[in-house]
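To start, the structure under review is shown below, and the notes come after it.
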Amino acid sequence: MTTPPSMTPLDLASRWGGVSRTADLDGPVQWVDFGGPETPPEEGRELPPVVLVHGLGGSHLNWVGIAPALTERRRVVALDLPGFGLTPALGRDTSVNHNAALLSRFVHEVLGGPVVLVGNSMGGMVSLLLADRRPEQVAGLALVDPALPNPGARPDPQVAATFAMYAVPRVGELVLTHYNTRFSDRQRVLGTVALCFADPSRADEDVVAAGIELAAWRRSLPDPEAEFLGAARSLLRVLRGRREYDRIMRELRVPVLLIHGTHDRLVPISAARRAARLNPAWRTAYLDGVGHTPQLEAPEDVLGHLEPWLDSLDSLDSLG
């Protein structure tokens with residue numbers, strides 16, 4: 001196993017009430033516990049916790065805009081998948097399939113029971129894969145601009161070109177190394193904001209500052225480009241195997257809420273509408289003028305749909 005970086009992981013989420021913790025899942029997995037309701041639940045009425053799952057290149061910081069509000073009703077945690085955030089891969093596979101298996105272990109070994117998964121982008125794909133394989137672990141699934149196939153549609157030219165380079169061995173490594181060397185941590189974080197937000201001026205300055213601190217820490221890792229590209233290439237393979245991914249969405253029986261920004265450049269709104277047609281039981285909410293990370297760009301809008309949906313799961317729990 002690769003030696004971990006000598007630098008101590010950062011405590012980035014304390015500003016938003018998060019407590020940093022580490023689980024040993026064939027290596028350290030950094031996660032953040034945002035806590036739960038101040039009033040203990042009635043006996044026998046403890047609700048499944050919410051687990052927040054970030055996207056490609058993301059971390060637990062992707063959720064600080066909504067996590068504190070969600071703790072009023074349920075315990076809320078966010079983890080950094082291997083290869084992302086404060087969890088270096090240390091020799092572990094960073095593909096979406098392996099991270100779905102790791103997420104399953106996290107649910108079982110750390111939380112000990114069913115959870116409500118909330119996944120953004122790649123995190124939505126990882127959560128879908130887990131819900132298909134281990135539905136008994138998933139009490140509900142909220143997909144926030146998840147990674148989805150979009151056959152026949154013309155992708156954003158910049159996004160298409162970038163992922164085309166990522167897909168090619170050696171080319172992806174060269175491109176990513178050049179990008180990380182040429183631009184400062186601040187420039188890279190702001191570049192991600194420009195890509196993922198419909199309106200970059202909506203970015204929270206404190207979240208941006210924490211993201212820059214995290215980007216600087218990740219420079220201490222031995223091969224962050226390989227960790228990122230392993231995940232990106234696996235994501236593209238799942239999307240290319242559209243028939244199986246469509247089957248997963250079509251046959252999923254856990255309650256699902258799909259939230260999607262109408263101005264998402266990475267996963268166009270047409271892909272979300274197509275996914276919703278595959279399974280009419282899903283609830284949907286389309287956010288006008290919002291990009292790929294609504295939980296950061298328009299957190300109140302996301303909460304306006306997510307909280308009532310969680311309340312509806314509470315009703316199902318009481319009936320069950």
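The shown structure was predicted, so the numbers you read here are calculated from the model rather than taken from an experiment. No hydrogens, no waters, no symmetry mates; every other heavy atom, side chains included, goes into these values.
There is no side-chain donor-acceptor pair under 3.5 Å between Q187 and R182. One side chain, S201 or D199, offers a donor N or O that lies under 3.5 Å from an acceptor on the other. Between the side chains of Q30 and T87, no donor-acceptor pair of N or O atoms lies under 3.5 Å. Defined by atom type and a distance below 3.5 Å, a donor-acceptor pair is missing between the side-chain atoms of H178 and T181. Remark: the S59 side chain and the D80 side chain contain no N/O donor-acceptor pair separated by less than 3.5 Å. H54 and N62 share no donor-acceptor pair across their side chains, judged by distance under 3.5 Å alone. Side-chain contact check for S121 and D145: no donor-acceptor pair (N or O, by modelled atom type) lies under 3.5 Å.
With salt bridges taken as basic N to acidic carboxylate O contacts below 4.0 Å, none links R170 and E173. Between D26 and R92 there is no salt bridge, since no side-chain N of the basic residue sits under 4.0 Å from a carboxylate O of the acidic one. Remark: D185 engages R188 in a salt bridge, criterion side-chain N to carboxylate O under 4.0 Å. Remark: E213 does not engage R218 in a salt bridge, criterion side-chain N to carboxylate O under 4.0 Å. In this structure, R134 pairs ionically with E136, as a charged nitrogen and a carboxylate oxygen lie closer than 4.0 Å.
Atom CG of L235 and atom CZ of R240 lie 10.0 Å apart (nearest 0.5 Å). For the atom pair L81 CG and E227 CD, the distance stands at 12.0 Å (nearest 0.5 Å). One distance of note links CE of M122 with OG of S234; it measures 7.5 Å at 0.5 Å rounding. Separation of atoms CG (D314) and CZ (R73) is listed at 4.5 Å; rounding is to 0.5 Å. In this structure, NE2 in H305 is found 9.5 Å from OG1 in T284, a value given to the nearest 0.5 Å. How far CG of D264 is from CG of L195: 9.0 Å, rounded to the nearest 0.5 Å.
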Would you sort out whether R274 and D246 count as a salt bridge (Lys or Arg N to Asp or Glu O under 4.0 Å), showing the intermediate values? CA-CA 10 Å; R274 175 185 175 276; D246 284 356; 2.4 Å; yes

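For the pair A13 and V32, the tightest heavy-atom approach, listed with the atom from each and the gap, is CB-CG1, 3.8 Å. Contact detail for L229 and G172: the closest heavy-atom pair is CD1-C, 3.6 Å. Closest of all the heavy-atom pairs between L10 and L86 is O-CD1, 3.1 Å. Taking every heavy atom of both residues into account, L258 and A272 meet most closely at CD2-O, 3.5 Å. Looking at every heavy atom in both residues, L90 comes nearest to P28 through CD1-CD, 3.5 Å. Nearest heavy atom pair, residue L148 against residue A275, reads CD1-CB, 3.9 Å.
Hydrophobic clustering of Ile, Leu, Val, Met, Phe, Trp and Tyr side chains at less than 4.5 Å, counting indirect connections, keeps V77 apart from L12. Transitive grouping of hydrophobic side chains (ILVMFWY, heavy atoms separated by less than 4.5 Å) keeps I269 and V144 in distinct clusters. Neither L117 nor V76 shares a network with the other; the hydrophobic side chains, linked directly or stepwise wherever heavy atoms of I, L, V, M, F, W or Y lie under 4.5 Å apart, form separate groups for each. Residues V254 and L129 fall within the same hydrophobic cluster, defined by Ile, Leu, Val, Met, Phe, Trp and Tyr side chains chained together at heavy-atom separations under 4.5 Å. Cluster membership check: W31 shares its hydrophobic cluster with F84, using side-chain heavy-atom separations under 4.5 Å among Ile, Leu, Val, Met, Phe, Trp and Tyr.
Ring geometry, Y166 versus F163: the interplanar angle exceeds 60°, so the pair is classed perpendicular (tilted spans 30 to 60°).
Residue V168 is found in a hydrophobic cluster whose other members, listed by chain and number, are M165, V171, V175; membership requires side-chain heavy atoms under 4.5 Å apart, directly or through intermediates.
In this structure, R273 satisfies the cation-pi test against Y286, with its NZ or CZ atom closer than 6.0 Å to the six-membered ring centre and inside 45 degrees of the ring normal.
Side chain of N120 to main chain of G123: no donor-acceptor pair is present (N/O by atom type, distance under 3.5 Å, no hydrogens or angles). Without hydrogens or angle criteria, R253 side chain to E251 main chain gives a donor-acceptor distance under 3.5 Å. Judged by distance alone, the side chain of H260 and the main-chain N or O of A271 form no donor-acceptor pair under 3.5 Å. A distance-only check finds a donor-acceptor pair linking the side chain of E297 to the backbone of G291 [under 3.5 Å]. Between the side chain of D156 and the main chain of V159, a donor-acceptor pair closer than 3.5 Å is present.
Counted within 6.0 Å of CZ on R219, heavy atoms from surrounding residues, nucleotides or ligands total more than 12; the atom is thus considered enclosed.
Residues F34 and W16 keep their aromatic ring centres 6.0 Å or farther apart.
Looking at R74 and V116, their side chains come closer than 4.5 Å, going by heavy atoms from C-beta outward. Annotation: side chain of L143 is in contact with side chain of W282 (closest heavy-atom distance under 4.5 Å).
Exactly one residue among V50, L111, V51, L47 makes a side chain to side chain contact (heavy atoms under 4.5 Å, CB included) with R75. That residue is L111.
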